[in-house]
Each structure stands twice: as structure tokens, then as C-alpha cells.
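What you are looking at is a predicted structure, and each value in this text was computed from that prediction instead of being measured.
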Amino acid sequence: MKIFVAGATGRVGQKLVAVLQEQGHFVYAGARKVDQIDESENVKAVFTDLHASVETLAESLADADVVIFVAGSRGKDLLQTDLNGAVKLIQAAEQKGIKRYIQLSSVFSLEPERWQDRSMASLLDYTIAKHYADSWLINNTKLDYTILQPGTLKESEGTGKITIGSGEAGGNSIANVAETLAQIVTAPKTIKKVIPMHDGETPIKKALNIID
């Protein structure tokens, strides 16, 4: 399968590209800093600027079968990258006729009633940006979307085990998030689903296969 990854040089993106390649997929690794991408037989670097027009972004998608959005500005460009950049890439996928779209979001992005929790204070603007990007994907497209909502990302070793839908904002190893995104590509039960997750005790593939 040919997969376009937006944000391929980020913390999640780097691991995701590696996992997808290991699984035998061909990856279009989209990023502004293409010099940071190690190209190979199954990985092609693609200059991708989320400030660009929808038409330009659509050209970047080439002949991809799936788009995975894992780009982020780390709080420095929330409106243009995390919100509007996400929406423009969604529109670009639609323009290209790509149906499968996977978006990395954040825990509680679609639950405004949780935003006043003390633990959410430092991430409020980020969560609001994610809220509107996620809402656009759900309400304004006919894409076969999946939205993955991890809690805090941690630079810890991946366990390959997660918990889905616990209602809590648990921690997530970046490796587990990347592996979960990669598994979602071939997990049909995840289509049209919003999936809250954190590190847990259930093997990732099993967790995705028992989604209602």
C-alpha cells in the first residue's frame, strides 16, 4: 500500500515511517525539512508545507492510497499548521479521490466539557485547534477517517500494548502511538471511529480488532 505521512520528521512521524516501511508499505514522507528524511527503496521524501494551497498539497499526495496526518507545530503555529493545515490536507485528499484518512489528534479534543480540567490547562489552545480539525473531518467530509486520540506523549520504550476508551488521559509511549497508527491502516473496524488511547495491557492489534 502507498501511504502519505504528513509530519514525517516529527517525533511520531519518524517512528511511523519506520514501522510502515517494516510492514512492507511504500511511504511518501511529507515534511518541510526533507534533508532529515532517509530515503530508501520504500521511502520517498516529499516537500510538504502546510501553509501551501490545497491544490499544491494535493499534488504532494501523488498516488497515495492512504493519508496519515501526524504533523504538529509544538504550539508555535497552531492555527496555520495544527488546524488549518490539517483541514487543507483533508481537502487535498478529497481532491485526489483518496478515501482513507487517519488523523493523529489529542485526548478529549471532542469533549469540550473536559477542557477545564486542571491537567488540560497547558494544552488548551492545542486541544481547541485539534477540536476544529477533527470536527471538520467528521462533519464536512465523506472520507473513511480514523481519529486517534492519545494522551501525553512519552519518550519511553514501546510495549506494543494499549488501552482504548478508558475515559482517562494516560501516558503514551511514542512508539506505541506510531505502531497503533500503522496498525489502523489495515484495521477496518477503525473506519469512522474516534479512538482514545493510552499505554495499557492489550496488544495493539487485538485492541483495534475488538472495537465495536
Under 3.5 Å, is there a donor-acceptor pair between the side chain of Lys88 and the main chain of Leu50?
yes
Quick one, Leu78 with Tyr126, criterion side chain to side chain contact (heavy atoms under 4.5 Å, CB included). Give me CA distance, side-chain angles, the key distance, then yes/no.
CA-CA 7 Å; Leu78 290 172; Tyr126 172 72; 3.9 Å; yes
Does atom NZ of Lys161 have more than 12 heavy-atom neighbours from other groups under 6.0 Å away?
no
Taking all atoms of both residues into account, what is the closest heavy-atom pair of Ala29 and Val43, and its distance?
CB-CG1, 4.1 Å
Donor-acceptor under 3.5 Å (Asn209 side chain, Lys205 main chain):
yes
Would Glu39 and Lys44 count as a side chain to side chain contact (heavy atoms under 4.5 Å, CB included) if you check the C-alpha gap in whole Å, the side-chain angles of each, and the deciding distance to 0.1 Å?
CA-CA 5 Å; Glu39 290 192 302; Lys44 177 179 175 59; 3.8 Å; yes
Verify, without hydrogens or angle tests, whether Thr141 (side chain) and Leu137 (backbone) share a donor-acceptor contact under 3.5 angstrom.
yes
Leu143 backbone acceptor or donor facing Lys192 side chain under 3.5 Å
yes
Would you say Ile191 and Val66 are hydrophobically clustered, going by side-chain heavy atoms of ILVMFWY under 4.5 Å?
no
Check whether any side-chain heavy atom of Val5 sits under 4.5 Å from a side-chain heavy atom of Phe69, and report yes or no.
no
Regarding Lys2 and Asp63, does a basic nitrogen lie under 4.0 Å from an acidic carboxylate oxygen?
yes
Any donor-acceptor N/O pair, Ser173 side chain to Asn176 backbone, under 3.5 Å
yes
OG1 on Thr163 to NE2 on His198, rounded to 0.5 Å:
5.0 Å
Can a donor-acceptor pair be found between the side chains of Asp77 and Thr81 at a distance below 3.5 Å?
yes
Please determine whether the number of non-hydrogen atoms from other residues, nucleotides or ligands lying under 6.0 Å from atom CZ of Phe26 exceeds 12.
yes
Is Val12 reachable from Ile204 through a run of I, L, V, M, F, W or Y residues, each pair having side-chain heavy atoms under 4.5 Å apart?
yes
Heavy-atom count check: over 12 atoms from other residues, nucleotides or ligands less than 6.0 Å from Asp38 CG?
no
Checking Thr48 side chain against Val46 main chain: does a donor-acceptor pair fall under 3.5 Å?
yes
Report yes if some heavy atom in the side chain of Pro150 is under 4.5 Å from a heavy atom in the side chain of Leu104; otherwise report no.
yes
Please tell me whether Gln21 and Ser40 have a donor and an acceptor in their side chains that are separated by less than 3.5 angstrom.
yes
Intermediate values then yes/no, side chain to side chain contact (heavy atoms under 4.5 Å, CB included), Gln149 and Phe108
CA-CA 7 Å; Gln149 299 178 316; Phe108 307 142; over 6 Å; no
Determine yes or no for a side-chain-to-main-chain donor-acceptor pair under 3.5 angstrom, with Lys99 supplying the side chain and Lys142 the backbone.
yes
Nearest 0.5 angstrom please: Leu208 CG to Ile162 CD1, how far?
5.5 Å
Option from Ile174, Leu16, Val70 for which side chain to side chain contact (heavy atoms under 4.5 Å, CB included) with Arg11 holds:
Ile174
Nearest heavy-atom neighbours spanning Val17 and Ala8
CG2-CB, 3.9 Å
Could you tell me whether a side-chain N or O of Arg100 sits under 3.5 Å from a main-chain N or O of Asp144, the two making a donor and an acceptor?
yes
In short, Ala58 meets Ala92 closest at the heavy-atom pair N-CB, 3.6 Å
Measure the shortest side-chain to side-chain distance between Thr152 and Asn172 over non-hydrogen atoms and say whether it is less than 4.5 angstrom.
no
Under 3.5 Å, is there a donor-acceptor pair between the side chain of Asp65 and the main chain of Ile98?
no
Write down the atom of Gly30, the atom of Phe4, and the distance for their closest heavy-atom approach.
CA-CZ, 3.9 Å
Using the rule given for salt bridge (charged side-chain N to carboxylate O under 4.0 Å, His left out), can you reason through Glu179 versus Lys15, listing the C-alpha separation, both sets of side-chain angles and the distance that settles it, and then say yes or no?
CA-CA 8 Å; Glu179 178 67 31; Lys15 290 187 180 296; over 6 Å; no
Sub-3.5 Å donor-acceptor pair from the side chain of Lys193 to the main-chain atoms of Asp212, do we have one?
yes
Across all chains, not counting sequence neighbours, the ring pair (Phe, Tyr, Trp, His ring centres under 6.0 Å) partners of His131 are Trp115
Check: Thr159/Asp199 side-chain N/O donor and acceptor closer than 3.5 Å
no
Run Ile68 and Val185 through side chain to side chain contact (heavy atoms under 4.5 Å, CB included) and show every step you take.
CA-CA 9 Å; Ile68 306 180; Val185 171; 3.9 Å; yes
Verify the neighbour count for atom CD of Glu113: are there more than 12 heavy atoms of other residues, nucleotides or ligands below 6.0 Å?
yes
Taking side chain as C-beta onward, heavy atoms only, is Lys130 less than 4.5 Å from Leu83?
no
Using every non-hydrogen atom in the two residues, find where Leu110 and Ser135 come nearest and quote the distance to one decimal.
CD2-OG, 3.6 Å
Separation between OH of Tyr145 and CD1 of Ile90, rounded to the nearest 0.5 Å:
11.0 Å
Distance in Å, Lys96 NZ paired with Ser60 OG, rounded so as to fall on 0.5 Å steps
9.0 Å
Specify the closest pair of heavy atoms between Leu89 and Ala6, including all atoms of both residues, with the distance to one decimal.
CD2-CB, 3.5 Å
side-chain hydrogen bond (donor to acceptor under 3.5 Å, both in side chains) with Gln91: which residues, sequence neighbours excluded?
none
Side-chain heavy atoms nearer than 4.5 Å, only ILVMFWY residues, links allowed to pass through others: does that put Ile147 and Ile102 together?
no
Report the distance from atom CG of Asp82 to atom CD1 of Ile128, rounding to the nearest 0.5 Å.
12.5 Å
So, Ser53 versus Thr56: side-chain donor-acceptor pair below 3.5 Å or not?
yes
Would you tell me whether Thr146 and Gln103 have side-chain atoms, one donor and one acceptor, within less than 3.5 Å of each other?
no
